[in-house]
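Along the sequence shown, residues are numbered consecutively beginning with 1.
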Amino acid sequence: MSFFDKIKSVFSRQNEEDDPIFRRKMAEKLDGRYIKYVTERCDGIETVIGREGHANIVNENEFAVTCGIDEIFRADITAMKAWELLSLEGAVLSAYDKTVKKERSIVIYYKYYR
């Protein structure tokens, strides 16, 4: 490894979203969260698809979002991209959704108890 490669590795940032360890940690961070509502954006229109629910890790390798008795979203943790909103009031989840059998991106908004 050359000197330039060493310096480049120090200052270059690895894409965390592609790291399976990062994906697992994000799922664990979101596990057990109470959800105020869930939205999905289609054709530029944001629609509420669920209210009053939970986000949980299921079977140790799947992540599920449920509202009432309806399952809104279920995906493999290793394939799910997740990141929190800058306001820290919710998170975006993107993956192949096993519930509707298509690639999907949803936004969950946390419920806060004061």
Side-chain angles (χ1 to χ4, degrees):
M1 181 182 261
S2 70
F3 180 72
F4 178 72
D5 290 335
K6 288 180 183 179
I7 291 177
K8 184 178 175 184
S9 68
V10 169
F11 291 107
S12 66
R13 185 172 177 215
Q14 184 181 6
N15 190 358
E16 292 178 328
E17 292 175 5
D18 294 333
D19 183 18
I21 295 170
F22 176 78
R23 290 180 183 196
R24 169 66 62 181
K25 286 183 179 181
M26 276 303 296
E28 289 172 356
K29 184 176 182 178
L30 298 174
D31 184 36
R33 292 276 189 159
Y34 290 103
I35 297 172
K36 187 175 182 181
Y37 58 95
V38 182
T39 63
E40 181 177 27
R41 185 178 298 258
C42 290
D43 299 327
I45 300 170
E46 192 166 11
T47 308
V48 175
I49 58 173
R51 294 182 187 277
E52 303 295 325
H54 292 90
N56 295 311
I57 293 176
V58 182
N59 301 329
E60 295 184 17
N61 57 359
E62 291 182 330
F63 193 81
V65 175
T66 56
C67 292
I69 59 170
D70 298 326
E71 187 171 77
I72 304 297
F73 181 83
R74 181 184 286 255
D76 290 326
I77 292 173
T78 56
M80 183 179 75
K81 293 183 180 181
W83 58 93
E84 286 192 292
L85 301 175
L86 290 175
S87 64
L88 300 178
E89 293 180 357
V92 179
L93 309 175
S94 295
Y96 178 80
D97 186 357
K98 295 180 177 182
T99 303
V100 295
K101 297 180 178 26
K102 68 176 186 175
E103 191 72 25
R104 202 167 175 201
S105 184
I106 64 169
V107 181
I108 59 174
Y109 294 91
Y110 308 142
K111 186 173 189 177
Y112 290 106
Y113 293 100
R114 294 181 187 174

Novice: Please list, chain by chain and in numerical order, all residues satisfying side-chain hydrogen bond (donor to acceptor under 3.5 Å, both in side chains) with E28, sequence neighbours excluded.
Specialist: none

Novice: Can you run down the side-chain hydrogen bond (donor to acceptor under 3.5 Å, both in side chains) pairs that involve residues 86-96, sequence neighbours left out, and say none if there aren't any?
Specialist: S94-S105

Novice: Show the atom names and distances, to 0.1 Å, of all donor-acceptor pairs under 3.5 Å that link a side chain in residues 65-72 to residues at least two apart or in another chain.
Specialist:
| unit_1 | atom_1 | unit_2 | atom_2 | d |
| --- | --- | --- | --- | --- |
| E71 | OE1 | R74 | NE | 3.3 |
| E71 | OE1 | T99 | OG1 | 3.2 |
| E71 | OE2 | R74 | NE | 2.9 |
| E71 | OE2 | R74 | NH2 | 2.7 |

Novice: With sequence neighbours excluded, what pairs up with Y37 under the ring-ring contact (aromatic ring centres under 6.0 Å, His included) test?
Specialist: Y109

Novice: Just to verify, what does D76 make a salt bridge (Lys or Arg N to Asp or Glu O under 4.0 Å) with, not counting sequence neighbours?
Specialist: K98

Novice: Mind checking whether M80 and E62 have side chains closer than 4.5 Å, heavy atoms only?
Specialist: no

Novice: Please evaluate residues T78 and N61 with respect to the criterion side-chain contact (heavy atoms from CB on, under 4.5 Å), reporting the C-alpha separation (whole Å), side-chain torsions for both, the decisive distance (0.1 Å), and the verdict.
Specialist: CA-CA 8 Å; T78 56; N61 57 359; over 6 Å; no

Novice: Quick one: ring-ring contact (aromatic ring centres under 6.0 Å, His included) pairs with a partner in residues 40-75, sequence neighbours left out?
Specialist: Y34-H54

Novice: Looking at every heavy atom in both L30 and A91, which two are closest together, and how far apart are they?
Specialist: CD2-CB, 3.9 Å

Novice: Within the structure provided, determine whether V38 and V107 are in side-chain contact (heavy-atom separation under 4.5 Å).
Specialist: no

Novice: Taking side-chain hydrogen bond (donor to acceptor under 3.5 Å, both in side chains) as the definition, give me every residue that meets it alongside R104, ordered by chain and number, with sequence neighbours left out.
Specialist: E40, D97

Novice: Sequence neighbours left out, cut at 3.5 Å: what donor-acceptor pairs do the side chains of residues 42-49 make with other protein atoms?
Specialist:
| unit_1 | atom_1 | unit_2 | atom_2 | d |
| --- | --- | --- | --- | --- |
| E46 | OE1 | R41 | NH2 | 3.4 |
| E46 | OE2 | T39 | OG1 | 2.8 |

Novice: If you measure from CD1 on I57 to CG on D31, what distance do you get to the nearest 0.5 Å?
Specialist: 4.0 Å

Novice: Does any part of the side chain of M26, heavy atoms only, come nearer than 4.5 Å to the side chain of K81, both counted from C-beta?
Specialist: no

Novice: Measure the spacing between CZ of R24 and CD1 of I21 and express it to the nearest 0.5 Å.
Specialist: 11.0 Å

Novice: To the nearest 0.5 angstrom, please state how far the CZ atom of R33 sits from the CD1 atom of I108.
Specialist: 8.0 Å

Novice: Drop me the distance from I35's CD1 to K111's NZ, to the nearest 0.5 angstrom.
Specialist: 11.0 Å

